[in-house]
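So you know, we letter chains A, B, ... as the sequences are listed, proteins then strands, and number each from 1.
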Number of protein chains: 2
Amino acid sequence: MSRAENRLEITRAIQGTARRHLADVGPAALSLRAIAREVGMVSSAVYRYFASRDELLTALIIEAYDELGAAVEAADAGVRRRGDLAKRFLAVCHAVHEWARAHPHEYALLYGSPVPGYAAPDTTVPSAARITGAILRLAQESERAGHPLGAPVRTVSTQERRALGGVRPALDVTMSDDRMVRWLMAWQTLFGHVSLELFGHMHRGILDYDAHFQQVTEQLAADLGLSG
Amino acid sequence: MSRAENRLEITRAIQGTARRHLADVGPAALSLRAIAREVGMVSSAVYRYFASRDELLTALIIEAYDELGAAVEAADAGVRRRGDLAKRFLAVCHAVHEWARAHPHEYALLYGSPVPGYAAPDTTVPSAARITGAILRLAQESERAGHPLGAPVRTVSTQERRALGGVRPALDVTMSDDRMVRWLMAWQTLFGHVSLELFGHMHRGILDYDAHFQQVTEQLAADLGLSG
DNA sequence: ACACGACGAGAGCAGTGCTCTTGTTTTCGC
DNA sequence: GCGAAAACAAGAGCACTGCTCTCGTCGTGT
């Protein structure tokens, strides 16, 4: 085995072990030493592969974003042929919900509190944009199909018009301002629901998370004008 | 100074210092030893006042919930006399938004990722319920005033009806199911917006957070049927 | 007055991220 | 093919962390 191959394999072993530890104990309790022990190295040796704990964390963040992004895109593609935009939107929402519930620590790493002293580098941006991009691409298709919004939107202020200016170039989508407002609200509701649920704020209030999520996402689809 | 007085004062000094450290470095980096140093004690002495780091954290969580709860209630009370429900709702939303921006680490402690290995005890529940309670009390008043929802809600499924069963006893409010669905969605949108903003997910997309928040909350008020 | 309990200090344990040095092994240029 | 250079693993060490245990000291209720 060549040196380059070996390096790749060990890097993968470290990241894989880190991933499993992350799922077990969460990002804040991730121990580089414990990872090294399991891989069969001494802790200092890990620094040959990742310059710091933060760099390892960045790799895990990108991996998680890409996994969630792939899940979302797969869910969309799975119903694209025989489904209308409402079905596709619901599939995307459920993909986010299910992935988050299956990987609560990874979800917390992505959408929970930022790790203190850690600032995500720009390398994470493209992977992060996959999820929001997949959602807003449905919005764009909806507009191109000429579907009106299900619930009307108030007049968009000029400040808000300016504020929205960054979304189109960042995610490479185009649509009217009022549609973007509704879809951004749906985006916030979706992640608000998932975060509040996963972080325990629905405890003893909502008795059936899945039923409530179903109701909320169907309502979002109706507000967006997706239900035929 | 009697022993009991002294104990109270030192307890407060520890919690106050902890609070300042929390605002500086965030919950995960909270160091009991550093707090002890600043108070002028050795770390082991702190354990006379808080049985563990987790117990200190619990005290901070309750303090933060109560502070946010008080801010929300004050915002509501401030416009109650001369304002309709729309103004009160907007005041409450802005209170949450502003408190979160002024105290990002405290907000993260409350609504961000749970601290690993820490489970919030039931003592935090009443304080946590103040915020959601203040919001849903507006919903109740809106219903009692006979205001219809601004955006209609789909038929509430029987599963969802059951799922909502815990909200009324937990927060001591009553309202119809469809109204509760809309208000819970508004609750999710509000905290979704704040979390996504504070945790960096609107970076380079939304160029003016305040303008967008204004637009979104006004839209929520309209959907809830609050705007006269 | 005295015994008990509260208290602060200190040492110590097991763990952390990270750095530096040391010895070994692989790779590459001549 | 050989020697220099780079890559690598290991270990010791530093400054931390939460937490426990012990040991004197001092305030307080009986």
Checklist entry - In terms of side-chain geometry, is the basic nitrogen of B/Glu67 or B/Arg19 positioned less than 4.0 Å from the acidic oxygen of its partner? => result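 The answer is yes: the pair qualifies as a salt bridge.
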Checklist entry - Does the distance from a Lys or Arg side-chain N to an Asp or Glu carboxylate O, for B/Asp208 and A/Arg162, drop under 4.0 Å? => result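 Between A/Arg162 and B/Asp208 there is no salt bridge, as every charged N stays at least 4.0 Å from the carboxylate O atoms.
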Over how many whole Å does the gap from [X] atom [atom1] to [N] atom [atom2] extend?
{"X": "B/Phe50", "N": "D/dG18", "atom1": "CZ", "atom2": "P", "value": "14 Å"}
{"X": "A/Leu8", "N": "D/dC8", "atom1": "CG", "atom2": "P", "value": "12 Å"}
{"X": "A/Leu32", "N": "C/dT16", "atom1": "CG", "atom2": "P", "value": "10 Å"}
{"X": "A/Ile14", "N": "D/dC8", "atom1": "CD1", "atom2": "P", "value": "11 Å"}
{"X": "A/Arg48", "N": "C/dT19", "atom1": "CZ", "atom2": "C1'", "value": "11 Å"}
{"X": "A/Glu9", "N": "D/dC8", "atom1": "CD", "atom2": "C1'", "value": "16 Å"}
{"X": "B/Leu30", "N": "D/dT17", "atom1": "CG", "atom2": "C1'", "value": "12 Å"}
{"X": "A/Glu55", "N": "C/dC18", "atom1": "CD", "atom2": "P", "value": "10 Å"}

Checklist entry - Is the gap between the ring centers of A/Phe213 and A/Tyr209 under 6.0 Å? => result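 Between A/Tyr209 and A/Phe213, which both carry aromatic rings, the centre distance is not below 6.0 Å.
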Report which part of the nucleic acid [X] touches: base, sugar-phosphate, or nothing (heavy-atom distance under 4.0 Å, all strands).
{"X": "A/Ile10", "value": "sugar-phosphate"}
{"X": "B/Leu56", "value": "nothing"}
{"X": "A/Arg53", "value": "sugar-phosphate"}

Next on the checklist: OP1 or OP2 of C/dC7 versus the side-chain N and O atoms of B/Arg7: is any pair under 4.0 Å?
Outcome noted: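 Result: yes.
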Next on the checklist: Whether B/Ser31 contacts D/dG18 is assessed here as follows: a side-chain N or O lying under 4.0 Å from the phosphate OP1 or OP2. Is that the case?
Outcome noted: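 Checking D/dG18 against B/Ser31, a side-chain N or O does come within under 4.0 Å of OP1 or OP2.
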Item to check | Under 3.5 Å donor-acceptor pair, B/Ser44 side-chain atoms to C/dG10 base atoms | outcome: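 Answer is yes: a donor-acceptor pair is held.
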Item to check | Selection: residues 33-42 of chain B, any non-hydrogen atom under 4.0 Å of DNA chain C | outcome: B/Arg33, B/Met41, B/Val42
Item to check | Closest-nucleotide 5' rank along DNA chain D - winner of A/Tyr49 and A/Ser43 | outcome: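 The answer here is A/Tyr49.
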Next on the checklist: Run the salt bridge (charged side-chain N to carboxylate O under 4.0 Å, His left out) test on B/Arg168 and B/Asp172 for me, step by step, so that the C-alpha distance in whole Å, both residues' side-chain angles and the decisive distance to 0.1 Å come before the verdict.
Outcome noted: CA-CA 5 Å; B/Arg168 294 183 186 82; B/Asp172 192 31; over 6 Å; no
Next on the checklist: I'd like to check A/Val167 versus B/Leu207 (side-chain heavy atoms, cut-off strictly below 4.5 Å). Are they in contact?
Outcome noted: no
Checklist entry - Can any side-chain N or O of A/Thr217 pair as donor or acceptor with the backbone N or O of A/Gln214 at less than 3.5 Å? => result yes
Item to check | Candidates D/dA9, D/dG18, C/dC18 - which lies nearest the side chain of A/Tyr47 | outcome: C/dC18
Next on the checklist: Restricting to side chain to side chain contact (heavy atoms under 4.5 Å, CB included), what partner residues turn up for B/Thr132, sequence neighbours left out?
Outcome noted: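 For B/Thr132 the side chain to side chain contact (heavy atoms under 4.5 Å, CB included) partners, ignoring immediate neighbours, are B/Leu171, B/Trp187.
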